[in-house]
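Below: one structure, written as structure tokens.
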There are 2 protein chains.
Amino acid sequence: MMTIPDTRPYARALDRLKAVGLRPTRQRLALAKLLFDGADRHVSAEQLHAEAVAAEMRVSLATVYNTLHQFTAVGLLREVVVESGRAYFDTNTTNHHHFYHAEDGKLVDIDHSRLSVAALPEPPAGTAIDRVDVIIRVRGHQS
Amino acid sequence: MMTIPDTRPYARALDRLKAVGLRPTRQRLALAKLLFDGADRHVSAEQLHAEAVAAEMRVSLATVYNTLHQFTAVGLLREVVVESGRAYFDTNTTNHHHFYHAEDGKLVDIDHSRLSVAALPEPPAGTAIDRVDVIIRVRGHQS
DNA sequence: GTGTTTGCAAAGTGTTTGCAATTTA
DNA sequence: TAAATTGCAAACACTTTGCAAACAC
């Protein structure tokens with residue numbers, strides 16, 4: 001089955017923004033396009049900003065931060081914490097987990113169906129489970 | 001069964017340092033005492049520094065950072081990443097997991113035996129699993 | 001027009017580093 | 001005395017904020 005290429009380059013990004021009720025500003029459209037047109041991805045603010053600059057989209061780093069947080073707040077992105085000192089955002093907002101390769105800062109999704117966390121213990125008194133994150137830290141093999 | 005109180009307040013800390021081959025300086029002894037004399041705990045550098053200052057132990061924040069990393073390097077501590085922007089260190093170095101309560105920054109251990117991660121998927125080509133971290137994020141109930 | 005969003009530069013947070021002075025073995 | 005360790009202050013990396021100008025509706 002083939003996909004017909006979209007002739008209006010920002011159409012998809014526009015739809016996404018409309019769907020969540022965020023004003024489709026030039027900057028938000030540009031970032032949404034980078035993030036959502038294509039396969040799922042994991043980005044840091046600096047990375048995304050660099051890409052936007054490389055693609056001649058004029059966006060400030062402050063706006064990239066704001067936008068990533070707004071997108072996260074409305075459920076378009078999910079924040080992944082793997083390293084203190086750098087925030088990653090994941091375009092895959094379904095229930096899933098991650099491999100993390102610290103040496104090169106790369107994340108790889110693990111579908112929820114491929115890993116099961118059995119028998120969750122009772123949370124501390126007065127609290128309820130919000131979400132379960134599994135991070136499998138990996139390293140380059142040595143044989 | 002009762003424990004006889006230790007009359008030499010730094011004896012345990014001293015033994016720990018000797019065991020891993022770190023010079024027992026005044027600062028390291030003080031921090032080891034705060035960390036290891038008592039139940040397992042989770043601390044950030046700022047927290048530990050504040051405690052040391054409160055206990056009249058003269059230690060600079062830079063030394064607290066250095067010491068936490070040295071202790072981690074020799075296996076006396078384990079770093080727990082739950083929040084970008086703040087590093088936590090855990091005195092429990094056994095294989096276990098965590099509840100994390102973001103609102104008050106508190107961690108609670110989950111013994112390895114109380115939670116099982118079944119059927120780990122194959123790591124990406126060229127990598128091997130280093131360690132598996134499960135973080136269960138919790139929030140104060142609303143009924 | 002009115003309220004929202006942006007970009008800049010400044011401020012903030014947590015952490016690391018260079019190096020002279022101090023301490024340990 | 002030689003080598004390791006400390007503390008300070010400066011530097012750092014990443015992130016957030018205040019506010020005037022620009023933009024969307």
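Below, chain A is the first sequence line, B the second, and so on; all start at residue 1. Side chains included, hydrogens not; waters and symmetry mates left out as well; all remaining heavy atoms used.
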Q: Measure the distance from CG on L22(B) to P on dA25(C) and round it to the nearest whole Å.
A: 12 Å

Q) Starting at CZ of R23(A) and ending at C1' of dA24(D), how long is that distance when rounded to a whole Å? A) 5 Å

Q) Between G21(B) and A62(B), which has a closest nucleotide on DNA chain D that is more 5'? A) G21(B)

Q) Whole Å only: how far is the CZ atom of R86(B) from the C1' atom of dG12(C)? A) 13 Å

Q.
Looking at E103(A), I want to see if its CD is surrounded by more than 12 non-hydrogen atoms of other residues, nucleotides or ligands under 6.0 Å.
A. yes

Q. Under the salt bridge (charged side-chain N to carboxylate O under 4.0 Å, His left out) criterion, do R41(B) and E51(B) qualify, and how do the steps go?
A. CA-CA 13 Å; R41(B) 47 186 320 206; E51(B) 275 182 41; 2.6 Å; yes

Q) K18(A) has an atom NZ; how far is it from atom P of dA24(D), in whole Å? A) 14 Å

Q. For the pair made of CG in L68(A) and P in dC14(D), what is the distance, rounded to whole Å?
A. 14 Å

Q.
Taking the six-membered ring of F89(A) as reference, does the cationic atom of R78(A) (NZ for Lys, CZ for Arg) lie under 6.0 Å from its centre and within 45° of its axis?
A. no

Q) Out of dG7(D), dG7(C), dT5(C), which has the shortest distance to the side chain of T63(B)? A) dG7(D)

**Q.** Cationic tip of R137(B) above Y100(B) ring, under 6.0 Å, 45° of axis
**A.** no

Q.
Distance check needed: dT6(C) C1' versus M57(A) CE, whole Å only.
A. 17 Å

Q. When rounded to the nearest 0.5 angstrom, what is the spacing between CG in D111(A) and CG in N92(A)?
A. 8.0 Å

Q. In whole Å, what is the span from the CZ atom of R58(A) to the C1' atom of dA22(D)?
A. 13 Å

Q. dA13(D) P sits how many Å from L61(A) CG, rounded?
A. 14 Å

(Q) Using side chain to side chain contact (heavy atoms under 4.5 Å, CB included), reason through Q70(A) and R28(A) one step at a time and then give a plain yes or no. (A) CA-CA 10 Å; Q70(A) 289 157 353; R28(A) 295 212 268 233; 2.9 Å; yes

Q: Using atom types as modelled and distance alone, determine if a side-chain donor or acceptor of T72(A) lies under 3.5 Å from a backbone N or O of L68(A).
A: yes

Q) Side chain of N66(A): nearest nucleotide among dT17(C), dT5(D), dT17(D)? A) dT17(D)

Q. Nearest of dG7(C), dT5(C), dT15(D) to any side-chain atom of Y65(A)?
A. dT15(D)

Q. Would you say the side-chain atoms of H49(B) pair up with the backbone N or O of Q47(B), donor to acceptor, closer than 3.5 Å?
A. no

Q: Group every Ile, Leu, Val, Met, Phe, Trp and Tyr by side-chain heavy-atom contacts under 4.5 Å, then state whether V108(A) and V43(A) land in the same group.
A: no

Q. Would you say a side-chain N or O of T25(A) is under 4.0 Å from OP1 or OP2 of dT6(C)?
A. yes

(Q) With a cut-off of less than 4.0 Å, is there a side-chain N or O of Q27(B) near OP1 or OP2 of dG7(D)? (A) yes

(Q) Could you check whether any side-chain N or O of R114(B) sits under 3.5 Å from a backbone N or O of L120(A), counting only pairs where one atom can act as donor and the other as acceptor? (A) no

Q | Residue closer to the 5' end of DNA chain C, H69(B) versus P24(B) (nearest nucleotide) | A | H69(B)

Q. In whole Å, what separates the P atom of dG14(C) from that of dA10(C)?
A. 22 Å

Q. What would the secondary structure line of DNA chain D be in dot-bracket form, counting Watson-Crick and G-U wobble pairs under 3.5 Å, with [ ] for pairs that cross earlier ones and | for pairs with another strand?
A. ||||||||||||||.||||||||||

Q | Contacting residues from residues 44-56 of chain A, given that a heavy atom lies under 4.0 angstrom of DNA chain D | A | none

